[in-house]
Amino acid sequence: MLGHYGQTAKSDARRSTFAADSNNPRPMLQVSVLKEQTDRVLAGLAKKHYPTGPADVAAILDLDQRRRALQTSHDAAQAEANDLARQIGALMKSGDKAGADALKVRTTELKQHTKTATDELTQVELAIQQLLYKLPNLPHASVPEGRAAADNELVREHGAIPTLYAGAQPHWELIKKYDIIDFELGIKITGAGFPVYKGQGARLQRALVNFFLDEAREAGYTEVQPPIVVNEASATATGQLPDKEGQMYHDAKDDLYLIPTAEVPVTNLYRDEIIPVEKLPIRNTAYTPCFRREAGSWGADVRGLNRLHQFDKVEIVQITQPENSYAALDGMVAHIENLLQKLGLPYRVLRLCGGDMGFTSALTYDLEVWSAAQGRWLEVSSASNFETYQANRLKCRYRADGGKTQLLHTLNGSALALPRIVAALLENNQTADGIELPAVLHSYCGFSKIG
RNA sequence: AGAGAGGUGGCAGAGUGGUCGAAUGCGACGGUUUCGAAAACCGUUAUACCGGCAACGGUAUCGGGGGUUCGAAUCCCCCCUUCUCUACCA
């Protein structure tokens, strides 16, 4: 895969289809980190193959210095003006109109000064912010060097690759054969990429959603049902805006966006919050449909259920104290693996290299299942730790021991996205007379076999 | 959707142009008292940024944005939102 810096629609679309996660945030690094750990930042940017790191960091630090000078100057002028205003008030009260008018002269000067300083400050802050938005998150130390998917590290592989019978077919044939998912109908009522699930297909969808949610709840995640359209502020906080509006469906009349993943509304639950330490870690799960325009996607890998405009997904989100976030990430991966094991799907876990991982992530594991009839691995989940990168934009904090507020770490992963799971279940379990579903789904579905 | 009334600190609730970051009460935290607790009393109790080693000082924030003014929680405009009534609807 491409997707080096995550800024092109093309590479993002490729990376992110069902992996909730890489589509996500474009928040930013903190200026204080750039200032205090410049070397570490530059090394991290290099590992992510970000080309203009040194120049951008230098420019930001420069602008920040300018910003502080302006702030100081503005504050001093404003302080003097406030003081004069108080004096004028006192003079007016005592009837000394002439004395008051005399002070107003200076006040007018100061007003001009603060206005100039404020305007310039606004510009400088905007410039800083724009540069910060360009910088990707720093990779964790364990992230392998590399530019592309081939450089990803295979962490482990689980399960035997099934051998199919002679008449085996890819899922886009199987869904017609058993009449369980209908693309033609979806085209009629909406358009390409909006399939209609019918009969056992619809029941299988519902079964998977319930299975995933139950498993998440048992693993300690609290279920939430968020809105699936969000306002501009929410889409901005998780980083879809600005500059990825092309990937989201937009209702112009009310200026609302259809979510590309539950991560957007669920993470925004904690925007602008100082979370009491006893509520940490936050562990939420949510089932939602996800909508993606997938502008710029093409090619053979979009066939069938591999890439859709609307699909269902159960997402898990965690917000933790910084020292706990990597243990939390391991726990999320273990949870996802457990789901795949219960479904009996062969899978592998990859640690993404610096060039292939998402723009905003510090460490990402991809989980891929083997699709037997297509003969390839399909990404079904991706679990990431964003450290403070996203929290900085969200302003999601807690009060540390010293009483000082501190940014939290945010993480999320799909557990799981349905379409490719369905594809793998259909393909891997097909027999000459029907598709045998894994035992764990029988009670959820109300049947054990399709066809 | 139409009419009316509101949005103030963790909560409740004063404040309609001047030293108001904001009375008062509750809650919370620290202390005095107590064998311990309660009560009482004293104190503390927002966020961000700037300056400072620090103590501390400054600036901004009373739903959001803009305006008037020497000075705005308070006046004006726009937006968001809550409640009541009407209309509608699952």
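Sequence lines set the chain letters: A, B, ... in the order given, protein chains first and strands last, and positions in each chain run from 1.
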Tell me whether the side-chain N/O atoms of [X] come closer than 4.0 Å to OP1 or OP2 in [N].
| X | N | answer |
| --- | --- | --- |
| A/Arg67 | B/C50 | yes |
| A/Arg397 | B/A48 | yes |
| A/Arg68 | B/C49 | no |
| A/Lys111 | B/G71 | yes |
| A/Asn82 | B/A60 | yes |
| A/Thr405 | B/A48 | yes |

Checklist entry - Taking the inter-plane angle between the rings of A/Tyr221 and A/His335 on a 0 to 90° scale, is it parallel (under 30°), tilted (30 to 60°) or perpendicular (over 60°)? => result tilted
Checklist entry - Which of parallel (below 30°), tilted (30 to 60°) and perpendicular (above 60°) describes A/Tyr444 and A/Phe211? => result perpendicular
Using whole Å, what does the distance between atom [atom2] of nucleotide [N] and atom [atom1] of [X] come to?
| X | N | atom1 | atom2 | result |
| --- | --- | --- | --- | --- |
| A/Glu125 | B/C50 | CD | C1' | 11 Å |
| A/Asp101 | B/C70 | CG | P | 10 Å |
| A/Leu91 | B/U69 | CG | P | 20 Å |
| A/Ile88 | B/G18 | CD1 | C1' | 11 Å |
| A/Lys35 | B/C49 | NZ | C1' | 12 Å |
| A/Asp254 | B/C80 | CG | P | 10 Å |
| A/Gln71 | B/G52 | CD | P | 13 Å |

Checklist entry - Would you say A/Gln30 has more than 12 foreign heavy atoms packed within less than 6.0 Å of its CD? => result yes
Checklist entry - Taking A/Glu109 as the fixed residue, which of A/Gln112, A/Lys111, A/Arg106, A/His113 is the one that meets the side chain to side chain donor-acceptor pair (under 3.5 Å) rule? => result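 Going through A/Gln112, A/Lys111, A/Arg106, A/His113 one by one, the side chain to side chain donor-acceptor pair (under 3.5 Å) with A/Glu109 is satisfied by A/Arg106 alone.
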Checklist entry - Which one is paired to B/G4, where only Watson-Crick or G-U wobble pairs with both distances under 3.5 angstrom count? => result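 With both distances under 3.5 Å, B/G4 matches B/C83.
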Item to check | Under 3.5 Å on both distances, the Watson-Crick or G-U partner of B/C89 | outcome: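 B/C89 is paired with nothing.
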Item to check | Aromatic ring proximity, centroids under 6.0 angstrom, A/His140 and A/Tyr326 | outcome: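 Ring-ring flag for A/Tyr326/A/His140: true, centres closer than 6.0 Å.
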